[in-house]
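What's counted below: heavy atoms across the whole structure, side chains too, no hydrogens, waters or symmetry copies.
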Amino acid sequence: MPTSDSYRESLIESLKDAEHAGGFIGAILEEKDPEPALLRNAIRKVIEARIRMNSLSESAKEHHEKLDKMLTESGGSEIYSLVELLEALGFKLEITVADTELPADSQSTEIGESELSPEPANAS
């Protein structure tokens, strides 16, 4: 089901808050029966929020491209396997906001929203 533009804009705006963005990604990782494209799309929305804030470092851009390729190829199976293993060992993966300043290479990149690959219409 397509999302409305106003909902998408509201979501992207809310993801500018680091605590909310961390919770958003964390909730995806907690899914017991994850959809393969869900994590990839959640991360892409957080990246889009950072782009709009003009605070996406070159390093973050490179890491995102690498992870996006991996998630495209595997559907996130490695990440979800790690989460399941940690849970079986009695641990929980948690996303928190780092207490550190942005790294020195955190100058914004000049990429636009159109440079993010389009979201799949129907993730199967």
For this session: Would you check, one step at a time, whether the test side-chain contact (heavy atoms from CB on, under 4.5 Å) holds for L15 with H20?
Result: CA-CA 6 Å; L15 293 175; H20 187 83; 3.6 Å; yes

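- Note: K32 NZ to E87 CD = 3.5 Å, rounded to the nearest 0.5 Å.
- Distance OG/S77 to CG/L82: 11.5 Å, rounded to 0.5 Å.
- How far CG of L85 is from CG of L93: 11.0 Å, rounded to the nearest 0.5 Å.
- A distance of 11.0 Å separates NZ in K92 from CG in L29, rounded to the nearest 0.5 Å.
- Using a 4.5 Å heavy-atom cutoff, the side chains of E65 and K69 are not in contact.
- In the hydrophobic cluster analysis, where Ile, Leu, Val, Met, Phe, Trp and Tyr join through side-chain heavy atoms closer than 4.5 angstrom, Y80 is grouped together with L86.
- Atom NE2 of residue H63 and atom CD of residue E58 lie 10.5 Å apart, to the nearest 0.5 angstrom.
- Of all heavy-atom pairs spanning L38 and E31, the tightest one is CD2-CG, 4.4 Å.
- Under the 3.5 Å distance criterion, the side-chain polar atoms of D68 are left unmatched by any main-chain donor or acceptor of H64.
- Look at R52 and E48 and you find a salt bridge, because one of the NZ, NE, NH1 or NH2 atoms lies within 4.0 Å of a carboxylate O, short of that distance.
- Side-chain contact between I47 and L67 is absent, with no heavy atoms from C-beta onward closer than 4.5 Å.
- The CE atom of M70 sits 4.5 Å away from the CD1 atom of I79 when rounded to the nearest 0.5 Å.
- With contacts defined as side-chain heavy-atom distances shorter than 4.5 Å, the pair D17/F24 does not qualify.
- Taking all atoms of both residues into account, the shortest heavy-atom contact from A49 to I12 is CB-O, 3.5 Å.
- Between A18 and R50, the shortest heavy-atom contact is CB-NH2, 3.9 Å.
- At a threshold of 4.5 Å between non-hydrogen side-chain atoms, the residues I43 and I28 do not count as touching.
- Although no hydrogens or angles enter the test, the distance criterion places no donor-acceptor pair under 3.5 Å between the side chain of S10 and the main chain of S6.
- Closest non-hydrogen pair, L11 versus K45, comes out as CD2-CD, 3.4 Å.
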